K.L.:
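Quick one: structure below, then a few questions.
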Amino acid sequence: MTYVAPCRRSVLHCAPQLEDLSAVLASGLPLDPRQMARLRILARDGIGPFYCGGRSAELAEALDLISAGIVAQD
């Protein structure tokens, strides 16, 4: 099985955002399915900013957008 490792530098750069998202995911709050889908795509896209070096600003922006809408609104 072949896999692509996340870019260590980008992950470290975005660690606070990733930790905040992790806390929201574990919180039990209702989550917006669109943002969950965006997060899943971001995490699984082996050629996206999570995996490719030099794209930490793009990753941070994507995480900010996801975080802003991850909790579902009634």
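Residues: numbered from 1 along the sequence shown. Computed from heavy atoms alone, side chains included, the values below leave out hydrogens, waters and symmetry copies. Nothing here was measured: the structure is a model prediction, and the numbers come from that model.
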K.L.:
Can you tell if the side chain of Val11 reaches within under 4.5 Å of the side chain of Ser56, non-hydrogen atoms only?
P.N.:
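No, every pair of side-chain atoms sits at 4.5 Å or beyond.
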K.L.:
According to a 4.5 Å side-chain heavy-atom criterion applied to Ile, Leu, Val, Met, Phe, Trp and Tyr, with indirect links allowed, do Leu25 and Leu18 form part of one hydrophobic cluster?
P.N.:
yes
K.L.:
State, with a plain yes or no, whether a side-chain heavy atom of Val71 is found less than 4.5 Å away from one of Gln35.
P.N.:
no
K.L.:
Where do Asp64 and Gln17 land on the side-chain contact (heavy atoms from CB on, under 4.5 Å) test, with the steps shown first?
P.N.:
CA-CA 7 Å; Asp64 282 343; Gln17 293 165 288; 2.6 Å; yes
K.L.:
Flag yes if Met36 and Leu29 sit in one hydrophobic cluster, no otherwise; membership is Ile, Leu, Val, Met, Phe, Trp, Tyr, and two members link when side-chain heavy atoms are under 4.5 Å apart.
P.N.:
yes
K.L.:
Are more than 12 heavy atoms, taken from residues, nucleotides or ligands other than Glu61, located less than 6.0 Å from that residue's CD atom?
P.N.:
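Not more than 12 within 6.0 Å, no.
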K.L.:
Quick one: pull up CG in Leu63 and CZ in Arg38 and give me the separation to the nearest 0.5 Å.
P.N.:
10.0 Å
K.L.:
Pair Asp32, Gln73 - check side-chain contact (heavy atoms from CB on, under 4.5 Å), show working.
P.N.:
CA-CA 8 Å; Asp32 183 88; Gln73 302 299 315; over 6 Å; no
K.L.:
Heavy atoms, side chains only, cut-off 4.5 Å: are Val24 and Leu31 in contact?
P.N.:
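A side-chain contact exists here, since the closest heavy-atom pair is under 4.5 Å.
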K.L.:
Evaluate the side-chain proximity of Cys7 to Tyr51: yes if any heavy-atom separation is below 4.5 Å, no if none is.
P.N.:
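The answer is no; the side chains never approach within 4.5 Å.
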K.L.:
Out of curiosity, Cys14 SG to Glu58 CD, how far, rounded to the nearest 0.5 Å?
P.N.:
10.5 Å
K.L.:
Can you confirm whether Ile66 sits close enough to Leu42 that some side-chain heavy atom of one is under 4.5 Å from a side-chain heavy atom of the other?
P.N.:
yes
K.L.:
More than 12 non-hydrogen atoms from neighbouring residues, nucleotides or ligands closer than 6.0 Å to CG on Leu12, yes or no?
P.N.:
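Enclosed: over 12 neighbouring heavy atoms sit under 6.0 Å from CG of Leu12.
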K.L.:
To the nearest 0.5 Å, what is the distance between OG (Ser67) and CG (Leu39)?
P.N.:
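Here the interatomic distance stands at 8.5 Å.
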